[in-house]
Amino acid sequence: MALDSKIPSGPIEKKWYNHKFNLKLVNPSNRRKYHIIVVGTGLAGGAAAATLGEMGYNVTAFCYQDSARRAHSIAAQGGINAAKNYRNDGDSVYRLFYDTVKGGDYRAREANVYRLAELSNNIIDQCVAQGVPFAREYGGYLDNRSFGGAQVSRTFYARGQTGQQLLLGAYSSLSRQVAEGTVTVHGRHEMLDVVIIDGKSRGVIVRDMVTGEIKSFAADAVVLATGGYGNVYYLSTNAKGCNTTAIWRAHKKGAFFGNPCFVQIHPTCIPVSGEHQSKLTLMSESLRNDGRVWVPVKKGDTRKPKDIPEAERDYYLERRYPSFGNLVPRDVASRAAKQVCDEGRGVGTSKMAVYLDFADAIKRQGKARIEEKYGNLFDMYQEITDENPYELPMRIYPAIHYTMGGLWVDYNLMTTIPGLFAGGEANFSDHGANRLGASALMQGLADGYFVLPSTVSGYLGSTELKKVTTDAPEFKVAEKEVKDRITKLLSVKGKYSVDHYHKKLGKIMWDYVGMSRNEAGLKSAITEIRALREDFWKNVRVLGEGEELNQSLEKAGRVADFLELGELLASDALNRRESCGGHFREESQTEDNEAKRDDENYSYVSAWEYKGDGVEPELHKEELTFEHCKPSQRSYK
Amino acid sequence: MNFKLKIWRQKNSKDKGRFVDYTIENVADDTSFLEMLDILNEKLIANNEDPVAFDHDCREGICGTCSLHINGRPHGPKPKVTACQLFMRTFRDGEQITIEPWRAKSFPVIRDLITDRGAFERIIQAGGFISASTGSAPDGNAIPIPKADAEWAMDAAACIGCGACVAACKNASAMLFVSAKVAHLGKLPQGKVEAKKRVLNMIAQMDKEGFGSCTNTYACEAECPKGISVANIAYLNREFLKAGLS
Ligand SMILES: Cc1cc2nc3c(=O)[nH]c(=O)nc-3n(C[C@H](O)[C@H](O)[C@H](O)COP(=O)(O)OP(=O)(O)OC[C@H]3O[C@@H](n4cnc5c(N)ncnc54)[C@H](O)[C@@H]3O)c2cc1C
Ligand code: FES
């Protein structure tokens with residue numbers, strides 16, 4: 001199968017405009033006859049479901065939490081980008097486009113990114129109209145701040161709770177559609193498979209997480225907006241329930257997986273404290289606007305931070321990257337932190353941490369101003385670590401945060417399965433090999449409010465769809481597969497809990513497929529993951545029944561999928577023998593240990609096709625061309 | 001640290017439920033409350049006993065999923081934090097800790113410590129929104145909003161919908177939850193257009209769901225992990241009166 005990205009022709013500024021005109025429309029009075037399933041109610045899914053409902057389609061949405069309002073988008077802190085240029089500091093759609101392509105280390109599609117930058121402004125307008133309480137200046141106008149990696153102030157924010165406020169905005173629109181009767185939301189329902197009929201995606205199989213009932217839902221189109229797969233590493237800044245199940249099942253049914261190895265490791269998280277740790281907490285990147293990152297110059301320096309004089313501190317980001325300093329992009333900051341810790345200059349009891357120091361900022365701006373900007377983050381830090389960041393520097397370390405990879409989609413956000421779309425973090429589009437801060441919220445909402453409603457309509461308007469009900473044999477087969485798998489998980493009755501396996505998988509992933517990767521390590525990872533997966537199916541212990549609320553069973557299904565995805569992730573990393581963005585191959589670095597991209601051989605998107613259990617997946621390549629942003633070695637010096 | 005735990009176990013919504021005693025040992029003081037429950041569950045699984053079901057997701061105090069009544073208080077003894085942000089160092093070594101689900105007629109227990117908070121969904125559906133369909137919005141800066149109003153709106157909008165206010169109230173009233181949404185939207189010019197309808201519909205739905213009435217004890221504010229102020233309730237009462245009058 002050849003990949004067709006369906007990028008419209010014409011000048012980049014006109015592509016989306018022309019494409020929208022060319023998309024077929026569905027007559028308003030016919031729309032309610034179409035049934036669209038949206039899996040996921042985060043920014044991407046919530047916004048898509050609400051908007052499709054407003055347009056008059058008949059929509060059914062699912063989420064695994066009890067309420068659509070609890071999707072993990074809620075946890076985003078820092079902000080959302082838009083090219084409004086309200087600061088008059090030289091920003092523009094073109095500059096946001098350029099920064100995003102460059103920030104993604106030239107591994108994203110120009111046309112998609114341009115559209116994203118264009119839509120960014122509409123998003124802010126839409127959110128303000130919904131009542132999102134963005135930060136404002138005294139004149140009553142919207143405030144902005146600059147955010148990691150950007151040299152303009154284009155980030156809109158709502159204190160340290162931007163994701164929460166944007167999600168509550170989408171949720172309120174969704175709730176309005178529920179009241180209007182256009183959308184039905186099923187909370188505590190987990191999607192376990194997609195159903196393909198005549199080569200098109202025509203529905204899903206879900207498990208009611210309260211009763212355990214396996215249910216079928218038929219539809220004319222299915223949208224997956226199920227978030228990222230960072231939890232394949234066990235410890236991450238994701239919520240405990242974040243999973244790959246929906247997109248992995250779709251992958252196994254024929255949807256190609258794009259760039260699985262592009263994972264973002266966020267530089268500013270609270271370090272791991274012990275074995276019992278169940279998740280990692282992000283400290284917003286906005287802190288790097290005022291905090292200075294340092295470690296002692298000397299190895300193994302155990303003095304308290306305040307006892308280390310200026311001359312014996314290494315502000316390594318400012319030293320290595322004088323023009324960007326503490327604001328270098330995430331991948332660069334994370335790797336630099338790992339390097340200084342590997343040199344033995346890490347701080348704290350674990351020695352796997354660096355300082356993020358606010359002393360200078362407090363001296364310059366006053367404690368009140370710092371409190372106004374970051375109060376809730378400082379409180380959160382103190383709550384978790386029992387240390388006061390107004391007096392002591394914070395200790396931070398990189399953690400798994402975001403997955404740029406995801407289902408491969410074309411310009412319409414359609415996967416390689418006709419009628420199956422993917423939006424938000426679940427798809428691979430837009431961020432290339434590294435995502436810039438405040439761009440995921442932008443992408444989720446661009447996909448949800450603007451792109452998917454147009455392209456899903458275009459698909460429905462131009463596709464012959466025969467009538468399908470859940471009585472179709474394809475549904476029965478898929479239901480049976482799902483039930484058999486649950487029975488299998490419950491019948492192993494082995495020795496070890498699901499968490500036991502998840503932690504082991506996480507360790508393999510972090511050690512070999514983490515911030516720094518090499519051929520030998522990746523090969524070991526693949527061997528170890530295979531062995532672990534085999535052991536899982538022989539020795540996992542899942543208690544209880546299928547027909548009841550059973551959290552161990554939920555976790556078991558997710559970890560079983562992570563055990564498969566983990567291998568693909570490592571294989572993808574092994575294939576890509578270059579360093580780019582968040583993917584650092586030790587074999588490909590410059591003399592001063594900076595990442596070295598290889599455009600000659602790797603200027604493509606890896607799209608993996610599933611070929612069966614135990615069979616090597618097939619790699620398809622979507623070559624990337626750059627007409628506007630000429631690839632250069634990224635330099636933040 | 002060691003603890004004696006007294007945990008509510010209930011197989012499903014029909015089961016009557018009961019307390020079961022457990023002990024847990026050698027817990028590091030920087031373990032979070034939910035991690036302590038994880039450790040307990042690992043122990044139970046190792047003994048072939050059903051793990052304790054409890055709701056949680058973000059584990060960073062923002063999604064509003066976790067909902068534990070700990071030693072008689074929603075989210076436990078520490079003010080302004082959710083259960084997932086509570087650490088074991090808050091407790092005394094050897095202390096007995098009682099863990100229950102939210103107790104309110106409108107939040108029926110589904111299993112162990114998990115309740116059904118669907119009533120909150122239906123209250124929002126009754127009017128907790130501004131009717132602004134995608135595509136209809138003017139420029140974000142078209143309407144300046146006084147900073148003080150935006151700040152009030154943000155304070156109210158910080159509600160995470162966990163239901164601690166209901167669990168804290170002797171009447172199981174949902175006034176703090178409802179008023180936070182009414183104030184968040186009502187304080188903004190965009191939300192004023194539908195203000196009257198919103199407050200009437202949301203209150204009507206709240207009553208229909210069987211939440212009790214507010215008798216101004218302010219237990220809700222004291223237990224709210226996000227510090228949502230009862231000033232919102234006063235605001236709601238004024239809006240409600242205005243809406244009824246005109
Ligand atoms: C701590 C943190 C801070 C962040 N800060 C920022 C920031 O400041 N700026 C920024 O731009 N980005 C930020 N990000 C990234 C950004 O928040 C996410 O990428 C984005 O919100 C993802 O949105 P989404 O709609 O794709 O997925 P999510 O919000 O994760 O939603 C996924 C949805 O899918 C559902 N789901 C998942 N699996 C299934 C299944 N199998 N069956 C049924 N339903 C399912 C879930 O219930 C949920 O409703 C942050 C991320 C984290 C973790
Ligand atoms: S788990 Fe999200 S608030 Fe506690």
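In what follows, chains carry the letters A, B, and so on, assigned in the order in which the sequence lines appear, proteins first and then strands, with residues in each chain numbered from 1. Excluded from the calculations below are hydrogen atoms, water molecules and symmetry mates; all remaining heavy atoms, backbone and side chain alike, are included.
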>> So for B:Arg122, is it side chain, backbone, both, or neither that comes closer than 4.5 Å to the heavy atoms of chain A?
In response: neither
> Relative to chain B, which segment of A:Gln161 carries a heavy atom at a distance below 4.5 Å: side chain, backbone, both, or neither?
Replying inline: side chain
> In this structure, which one of B:Asp15, B:Asp50, B:Asp55 forms a salt bridge (charged side-chain N to carboxylate O under 4.0 Å, His left out) with B:Arg111?
Replying inline: B:Asp50
>> Report which part of B:Glu49 has an atom under 4.5 Å of a heavy atom belonging to chain A: side chain, backbone, both, or neither.
In response: backbone
> Can you tell which of A:Gly544, A:Ser273, A:Gly274, A:Ala68 has the highest number of heavy-atom pairs within less than 4.5 Å of chain B?
Replying inline: A:Ser273
>> Among B:Ala137, B:Ala148, B:Gly61, which residue has the highest count of heavy-atom pairs closer than 4.5 Å to chain A?
In response: B:Ala137
> Looking at B:Gly118, B:Gly161, B:Gly191, which one has more heavy-atom pairs under 4.5 Å with chain A than the rest?
Replying inline: B:Gly161
> Between atom CG of A:Leu142 and atom OH of A:Tyr86, what is the distance when rounded to the nearest 0.5 Å?
Replying inline: 5.5 Å
> What residue in A:Arg69, A:Gln177, A:Lys495 has the most heavy-atom pairs under 4.5 Å with chain B?
Replying inline: A:Arg69
> Quick one: what part of B:Ser131 sits under 4.5 Å from any heavy atom of chain A, side chain, backbone, both or neither?
Replying inline: both
>> Salt bridge check, B:Arg117 against B:Glu209: does any charged N sit closer than 4.0 Å to a carboxylate O?
In response: no
>> Can you tell me which portion of B:Leu86 sits under 4.5 Å from chain A's heavy atoms? Options are side chain, backbone, both or neither.
In response: neither
> Would a distance-only check, ignoring hydrogens and angles, find a side-chain to backbone donor-acceptor pair under 3.5 Å from A:Lys279 to A:Thr237?
Replying inline: yes
> Is it the backbone or the side chain of B:Val193 that comes under 4.5 Å from a heavy atom of chain A, or both, or neither?
Replying inline: neither
> Relative to each other, are the rings of A:Tyr234 and A:His502 parallel, tilted or perpendicular (30° and 60° limits)?
Replying inline: perpendicular
>> As an exercise, state the distance from CD1 of A:Ile270 to OG1 of A:Thr281, rounded to the nearest 0.5 Å.
In response: 5.0 Å
>> Surrounding NZ of B:Lys192 (heavy atoms of other residues, nucleotides or ligands, distance under 6.0 Å), is the total greater than 12?
In response: yes
>> Does any backbone or side-chain atom of A:Leu280 lie under 4.5 Å from a heavy atom of chain B? Answer side chain, backbone, both or neither.
In response: backbone
> Which one of B:Asn12, B:Asn41, B:Asp139, B:Ile124 has the most heavy-atom pairs closer than 4.5 Å to chain A?
Replying inline: B:Asp139
>> Distance check, rounded to the nearest 0.5 Å: A:Asp143 atom CG versus A:Tyr138 atom OH?
In response: 10.5 Å
> Who among B:Asp57, B:Leu34, B:Ile110, B:Ile130 has the most heavy-atom pairs with chain A under 4.5 Å?
Replying inline: B:Asp57
>> For A:Tyr449 versus A:Gly169, what's the shortest heavy-atom pair and its separation?
In response: OH-C, 4.2 Å
>> So, taking the atom named CD in A:Gln77 and the one named OG in A:Ser284, what distance separates them when rounded to the nearest 0.5 Å?
In response: 5.0 Å
>> For B:Lys80, which atoms come within 4.5 Å of any heavy atom of chain A: side chain, backbone, both, or neither?
In response: neither
> Side chain, backbone, both or neither: which part of A:Thr385 has a heavy atom under 4.5 Å from chain B?
Replying inline: backbone
>> Quick check on B:Ser67 against chain A: is it the side chain, the backbone, both or neither that has a heavy atom closer than 4.5 Å?
In response: neither
> Rounded to the nearest 0.5 Å, what separation is found between the CZ atom of A:Arg154 and the CD1 atom of A:Ile124?
Replying inline: 12.0 Å
> A:His276 versus chain B, heavy atoms under 4.5 Å apart: side chain, backbone, both or neither?
Replying inline: both
> For chain A, which of B:Asp38, B:Asp155, B:Asp116 has the most heavy-atom pairs under 4.5 Å?
Replying inline: B:Asp155
>> Is A:Ala135 in contact with chain B via its backbone, its side chain, both, or neither, using a 4.5 Å heavy-atom distance?
In response: neither
> Of the backbone (N, CA, C, O) and the side chain (C-beta and beyond), which part of B:Ala157 lies under 4.5 Å from a heavy atom of chain A, both, or neither?
Replying inline: both
> If we only count heavy atoms from C-beta on, is the B:Val178 to B:Gln205 side-chain gap below 4.5 Å?
Replying inline: no
> Under 4.0 Å between a Lys/Arg side-chain N and an Asp/Glu carboxylate O for A:Asp499 and A:Lys240?
Replying inline: no
> Which bit of A:Glu554 is near chain B, if near means a heavy-atom gap under 4.5 Å: side chain, backbone, both or neither?
Replying inline: neither
>> Please rank B:Ile45, B:Leu188, B:Leu185 by heavy-atom pairs under 4.5 Å with chain A and give me the top one.
In response: B:Ile45
> Hey, what's the ring geometry for A:His500 with A:Tyr496, parallel, tilted or perpendicular (30° and 60° as the breaks)?
Replying inline: parallel
> How far apart are the closest heavy atoms of B:Phe3 and B:Arg92, and which atoms are they?
Replying inline: CE2-O, 3.3 Å
> By a 4.5 Å heavy-atom criterion (distance strictly below it), what part of B:Asn48 contacts chain A: side chain, backbone, both, or neither?
Replying inline: both
>> What part of A:Asn121 gets within 4.5 angstrom of chain B, counting heavy atoms only: side chain, backbone, both, or neither?
In response: neither
>> Return the CZ to CE distance between A:Arg136 and B:Met154, rounded to the nearest 0.5 Å.
In response: 13.0 Å
> In terms of heavy-atom proximity below 4.5 Å to chain B, should A:Gln126 be classed as side chain, backbone, both, or neither?
Replying inline: both
>> Taking side chain as everything from C-beta outward and backbone as N, CA, C, O, which of these in B:Lys11 sits under 4.5 Å from a heavy atom of chain A? Side chain, backbone, both or neither.
In response: side chain
> If you tally heavy-atom pairs under 4.5 Å against chain B, which of A:Gly187, A:Ala179, A:Gly131, A:Ser278 wins?
Replying inline: A:Ser278
>> Report which part of B:Glu60 has an atom under 4.5 Å of a heavy atom belonging to chain A: side chain, backbone, both, or neither.
In response: both
>> Between A:Ser552 and chain B, with a heavy-atom cut-off of 4.5 Å, which part of the residue counts as in contact: side chain, backbone, both or neither?
In response: side chain
> Which of the residues A:Gln65, A:Arg159, A:Gln165, A:Glu548 is involved in the greatest number of heavy-atom pairs with chain B at under 4.5 angstrom?
Replying inline: A:Arg159
>> For A:Glu137, which atoms come within 4.5 Å of any heavy atom of chain B: side chain, backbone, both, or neither?
In response: backbone
>> Quick check on A:Lys84 against chain B: is it the side chain, the backbone, both or neither that has a heavy atom closer than 4.5 Å?
In response: side chain
> Measuring heavy-atom distances to chain B, does A:Phe156 have an atom under 4.5 Å in its side chain, in its backbone, in both, or in neither?
Replying inline: neither
> Taking NZ, NE, NH1 and NH2 as the nitrogens, is one of them in A:Lys555 or B:Glu42 under 4.0 Å from a carboxylate oxygen of the other?
Replying inline: no
> What is the ring orientation for B:Trp102 with B:His75, classed by angle as parallel under 30°, tilted 30 to 60°, or perpendicular over 60°?
Replying inline: perpendicular
> Could A:Arg558 and A:Tyr64 be counted as a cation-pi pair, given that NZ or CZ must be under 6.0 Å from the ring centre and within 45° of the axis?
Replying inline: yes
>> Taking side chain as everything from C-beta outward and backbone as N, CA, C, O, which of these in B:Ala158 sits under 4.5 Å from a heavy atom of chain A? Side chain, backbone, both or neither.
In response: both
